[in-house]
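Heads up, the thing below is written out as structure tokens.
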Amino acid sequence: MTLAIQCRDLRKTYDGKVEAVRGLNLEIESGECFGLLGPNGAGKTTTIEILEGLLSPSSGQVTIVGKTWESDARELRESMGISLQETRLAEKLTVRETIDLFASFYREPRRSDDVLEELQLTEKADAWVGKLSGGQRQRLAVATALVGNPKVLFLDEPTTGLDPQSRRQLWDIVRGFQKRGGTVLLTTHYMEEAERLCDRLAIIDHGQVIAEGTPADLIARLGGHHVVEFAASGEQNGASTEIWKQLPGVKSVHKEDDGLVCLHVQEPHLTIPALLDSIVKRNSHLLHLSTRQASLEDVFVRLTGRHLRED
């Protein structure tokens with residue numbers, strides 16, 4: 001196993017009292033797409049900025065492609081590409097001029113024409129940046145990160161605000177970079193994106209990794225591959241979760257803010273009849289019932305108590 005990114009006991013304290021990162025450990029293999037998820041204030045942005053060389057840690061060790069920021073800063077900048085959530089580019093430059101400008105920052109850049117073709121921007125090569133659509137601008141931002149021929153690509157919420165078609169175009173670009181042996185560190189607020197793109201991921205909360213693994217592994221750890229969501233009238237809405245844990249096949253229970261009760265189950269064909277029978281015996285009425293496959297969103301809520309997109 002060759003590690004592209006490694007950090008050990010990473011810590012960052014602001015003003016001597018605010019601990020943004022508290023002993024974080026990560027190992028990201030070469031060639032994989034690794035997702036970093038966490039609620040706002042979890043330490044995710046601080047961690048990424050340390051890895052990118054924008055912040056210095058209070059303590060701990062960071063190694064990227066076998067090099068450190070203390071001794072190999074120039075080589076590290078040559079080996080990585082960074083695409084921020086919002087990239088401000090000169091609107092009076094053309095797309096080609098923008099890519100050529102970023103290429104000039106590197107000693108061994110890729111050919112601009114190759115990057116234009118890969119990012120599906122060839123037809124817009126002579127268009128001003130200010131005339132591009134949102135999806136085209138985001139692809140151009142990724143193009144500026146790829147033109148330096150990096151080994152590691154940092155993508156900070158790359159598809160925020162994009163339409164579904166533009167989002168999938170960027171997914172294809174990420175997969176293409178991986179196929180050439182590149183390593184991707186991705187942050188996203190879209191759970192579907194994390195499940196589709198990431199080989200492995202880590203969930204961060206309060207400056208520490210609280211769960212790590214493949215999307216399938218993390219979902220399996222919930223104990224139930226299916227989710228039964230329901231709402232009932234009367235006392236059922238205020239009933240203790242302990243009542244529902246006693247139903248057959250139920251592995252865990254949590255309540256949503258909108259009143260829905262979510263049961264994580266392995267055998268919904270056993271749980272649902274018992275649930276309906278329990279509601280009838282308590283002289284209540286079923287208001288809502290649905291079933292679905294368990295997802296990363298369920299894992300996230302179970303571990304952090306919040307949905308990913310909550311502020």
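In this text, all values refer to a predicted model and were calculated from it rather than measured experimentally. The first residue in the sequence is number 1, and the count goes up from there.
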Taking C-beta and beyond as the side chain, do [X] and [Y] meet within less than 4.5 Å on heavy atoms?
X	Y	value
Leu146	Leu153	yes
Phe34	Val184	no
Asp9	Gln61	no
Val62	Thr68	no
Cys198	Leu186	yes
Cys262	Asp298	no
Phe102	Leu89	yes
Leu26	Val209	yes

Looking only at side-chain N and O atoms, does [Y] offer a donor or acceptor that is under 3.5 Å from a partner on [X]?
X	Y	result
Ser112	Arg96	no
Glu193	Trp171	yes
Asp199	Gln178	yes
Thr13	Glu19	no
Arg139	Gln169	yes
Asp126	Thr94	no
Ser290	His288	yes

Inspect the contact between [Y] and [X] and indicate whether a charged nitrogen and a carboxylate oxygen are less than 4.0 angstrom apart.
X	Y	answer
Arg168	Asp163	no
Asp15	Lys17	no
Glu118	Arg110	yes
Lys255	Glu229	no

Side chain of [X], backbone of [Y]: donor and acceptor closer than 3.5 Å?
X	Y	value
Trp69	Ser56	no
Thr214	Asp217	yes
Lys44	Gly38	yes
Gln136	Ser133	yes
Glu27	Leu3	no
Glu49	Thr46	no
Gln6	Thr63	no
Thr304	Val301	no
Arg11	Gly60	no

What's the shortest heavy-atom distance between [X] and [Y], and which atoms?
X	Y	value
Thr271	Pro248	OG1-O, 2.7 Å
Leu263	Trp244	CD2-CB, 3.6 Å
Leu286	Leu276	CD2-CD2, 3.7 Å
Leu287	Ala232	CD1-C, 3.8 Å
Thr183	Ser30	OG1-CA, 3.3 Å
Gly81	Pro150	N-CB, 3.3 Å

**Message:** Run the side chain to side chain contact (heavy atoms under 4.5 Å, CB included) test against Lys251 and tell me which residues pass, sequence neighbours left out.
**Reply:** Gln266
Is [Y] reachable from [X] through a run of hydrophobic residues whose side-chain heavy atoms are each under 4.5 Å from the next?
X	Y	result
Leu24	Phe154	yes
Leu84	Leu132	no
Ile48	Val65	yes
Ile82	Ile50	yes
Met80	Val147	no

**Request:** Check step by step if side-chain contact (heavy atoms from CB on, under 4.5 Å) holds for Asp113 and Leu116.
**Result:** CA-CA 5 Å; Asp113 286 341; Leu116 283 168; 4.0 Å; yes
Return yes when atom [atom1] of [X] has more than 12 non-hydrogen atoms of other residues, nucleotides or ligands closer than 6.0 Å, and no otherwise.
X	atom1	value
Gln165	CD	no
Arg107	CZ	yes
Lys12	NZ	yes
Arg221	CZ	yes

Rounded at 0.5 Å granularity, tell me how far [atom1] in [X] sits from [atom2] in [Y].
X	Y	atom1	atom2	result
Asp114	Leu119	CG	CG	11.5 Å
Ile204	Glu212	CD1	CD	9.5 Å
Glu192	Thr159	CD	OG1	9.5 Å
Asp100	Thr144	CG	OG1	12.5 Å

**Request:** Given ring-ring contact (aromatic ring centres under 6.0 Å, His included), test His225 with His264 step by step and report yes or no.
**Result:** CA-CA 7 Å; His225 292 282; His264 297 277; over 10 Å; no
**Leu260 and Phe230: CA distance, side-chain angles, deciding distance, side-chain contact (heavy atoms from CB on, under 4.5 Å) verdict** = CA-CA 6 Å; Leu260 284 180; Phe230 77 93; 5.9 Å; no
**Message:** Pair Arg282, Ser278 - check side chain to side chain donor-acceptor pair (under 3.5 Å), show working.
**Reply:** CA-CA 6 Å; Arg282 288 176 170 78; Ser278 176; 2.4 Å; yes
**Request:** Going by the side-chain hydrogen bond (donor to acceptor under 3.5 Å, both in side chains) test, name the single residue among Thr47, Thr160, Thr45, Asp156 that passes it with Thr187.
**Result:** Asp156
**Request:** For Glu91 and Arg137, run salt bridge (charged side-chain N to carboxylate O under 4.0 Å, His left out): C-alpha distance rounded to whole Å, both residues' side-chain angles, the deciding distance at 0.1 Å, then the answer.
**Result:** CA-CA 10 Å; Glu91 299 201 348; Arg137 281 176 179 249; 3.2 Å; yes
**side-chain contact (heavy atoms from CB on, under 4.5 Å) between Leu37 and Met191, intermediate numbers included** = CA-CA 9 Å; Leu37 308 180; Met191 284 299 187; 3.9 Å; yes
**Request:** For side-chain contact (heavy atoms from CB on, under 4.5 Å), just list the numbers for Leu36 and Thr188, CA-CA rounded to whole Å, side-chain angles, deciding distance to a tenth of an Å, and then say yes or no.
**Result:** CA-CA 8 Å; Leu36 208 57; Thr188 181; over 6 Å; no
